[in-house]
Protein chains: 2
Amino acid sequence: MEQHRLDVFQVIADPSRRQILHLLSKDSSTINSLAENFDMSRPAVSKHIKVLYHAGFIEIQDIGRERHCILKQDGFKELNEWLAYYDKFWGDKLDKLGALMNDNLNKK
Amino acid sequence: MEQHRLDVFQVIADPSRRQILHLLSKDSSTINSLAENFDMSRPAVSKHIKVLYHAGFIEIQDIGRERHCILKQDGFKELNEWLAYYDKFWGDKLDKLGALMNDNLNKK
DNA sequence: TTTATATGTAACTTGTGGGTTACGCAAATT
DNA sequence: AATTTGCGTAACCCACAAGTTACATATAAA
């Protein structure tokens with residue numbers, strides 16, 4: 001039900017959000033317990049959670065009045081694909097260099 | 001001589017900058033010829049170039065009055081490392097799931 | 001040497017993202 | 001039933017990033 005699909009690059013641009021992801025990689029936790037790790041207010045964290053959720057970085061399980069945030073892979077995939085394109089670019093560049101060196105070796 | 005080391009996440013958060021990187025992956029080019037691909041003014045592109053440069057995404061060769069921009073790997077590395085951490089996270093998670101399934105199989 | 005080109009930069013404007021406080025509500029606790 | 005807890009949201013503020021225009025400079029072309 002994550003409608004708007006935010007720009008994942010924008011989403012991870014914020015250091016606080018990256019730290020939230022890092023915290024959640026250690027242990028999934030609720031919004032309040034996440035907020036304890038920050039200077040900012042609890043509503044601010046709540047906003048970040050909303051953003052992370054809509055970008056597919058976390059999922060949320062409502063347990064009573066608590067919201068448990070759990071890391072989710074979807075958001076990362078888009079980033080991985082973007083980087084893969086450039087990884088390929090660098091790879092190709094190396095290949096071409098290698099081919100060139102081979103050519104030169106064969107010539108003499 | 002790239003002094004300040006900008007936050008690479010912030011840097012790639014801008015869609016225009018990502019498009020510049022993409023254009024440069026096709027062909028290295030000057031600032032003016034880059035600007036032709038955009039609606040924004042030439043100075044705006046110039047600024048983006050500066051940002052990309054200081055974050056290690058491009059290098060620049062001055063040829064006469066022209067500045068040739070070439071893709072550079074440094075900036076991407078930091079992103080790769082960040083993502084690698086989470087890739088490992090997902091990998092480990094799968095491993096644990098696999099171990100659990102194995103345990104269950106052995107029990108019966 | 002005059003003109004055109006390729007660029008950097010300063011000064012300014014503006015939209016918006018990230019913060020706040022104040023409030024409301026439902027689920028627990030007492 | 002009253003209170004506390006965990007949370008969402010609305011309304012607001014403000015710094016800043018990203019754009020603009022105007023100007024300066026160095027190189028190339030005429």
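Order of the sequence lines fixes the chain letters, A, B, ..., with proteins taken first and strands second; residue numbering starts at 1 for each chain.
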Hydrophobic clusters here meaning ILVMFWY residues chained together by side-chain heavy-atom distances under 4.5 Å, can you tell me if B:M40 and B:I49 are in one? yes
I need a per-nucleotide contact map over nucleotides 18-30 of chain D, read 5' to 3'. Cutoff is protein heavy atoms under 4.0 Å; write B for the base, S for backbone only, - otherwise. SBBBB----BS--
Here the residues of residues 23-34 of chain B within 4.0 Å heavy-atom distance, strictly under, of DNA chain D are none
Taking ring-ring contact (aromatic ring centres under 6.0 Å, His included) as the definition, give me every residue that meets it alongside B:Y86, ordered by chain and number, with sequence neighbours left out. A:F76, B:W82
Per the salt bridge (charged side-chain N to carboxylate O under 4.0 Å, His left out) rule, what does the pair list look like for residues 26-38 of chain B, sequence neighbours excluded? none
Provide the start and end nucleotides, 5' to 3', of the part of DNA chain C that has atoms under 4.0 Å from heavy atoms of chain A. C:dG18 to C:dA28
Atom CD1 of A:I60 and atom C1' of D:dG8: how far apart are they, to the nearest Å? 11 Å
Salt bridge (charged side-chain N to carboxylate O under 4.0 Å, His left out) contacts touching residues 76-91 of chain A (sequence neighbours left out): A:R5-A:E78, A:K88-A:D92
How many angstroms lie between atom CD1 of A:I12 and atom CG of A:L6, to the nearest 0.5 angstrom? 13.0 Å
Angle, rounded to 10°, between the helical axes spanning five pairs at each terminus of the helix from C:dT1-D:dA30 to C:dT30-D:dA1? 20°
At their closest point, which heavy atom of A:C69 faces which heavy atom of A:S28, and how far apart are they? O-CB, 3.0 Å
Please collect all salt bridge (charged side-chain N to carboxylate O under 4.0 Å, His left out) contacts where either partner lies in residues 6-19 of chain A, sequence neighbours excluded, each pair once. A:D7-B:R18, A:R18-B:D7
Under 3.5 Å, side-chain donor or acceptor atoms of residues 56-64 of chain B against the rest of the protein: list the pairs with distances, not counting sequence neighbours.
| unit_1 | atom_1 | unit_2 | atom_2 | d |
| --- | --- | --- | --- | --- |
| B:D62 | OD1 | B:R67 | NE | 3.0 |

Could you pull out all residues at least two apart from A:N37 that satisfy side chain to side chain contact (heavy atoms under 4.5 Å, CB included)? A:L23
Length of the CD-P vector between A:E66 and D:dT5, whole Å: 13 Å
Go through the structure and list residues passing ring-ring contact (aromatic ring centres under 6.0 Å, His included) with B:Y85, not counting sequence neighbours. A:H22
Please find the pair of heavy atoms, one from A:G75 and one from A:V8, that lie closest to each other, and give the distance. O-CG1, 3.9 Å
Sequence neighbours excluded, the answer for side chain to side chain contact (heavy atoms under 4.5 Å, CB included) partners of A:S29 is A:L24, A:S33, A:L34
Correct closest heavy-atom pair for B:S16 and B:H48 would be CB-NE2, 4.0 Å
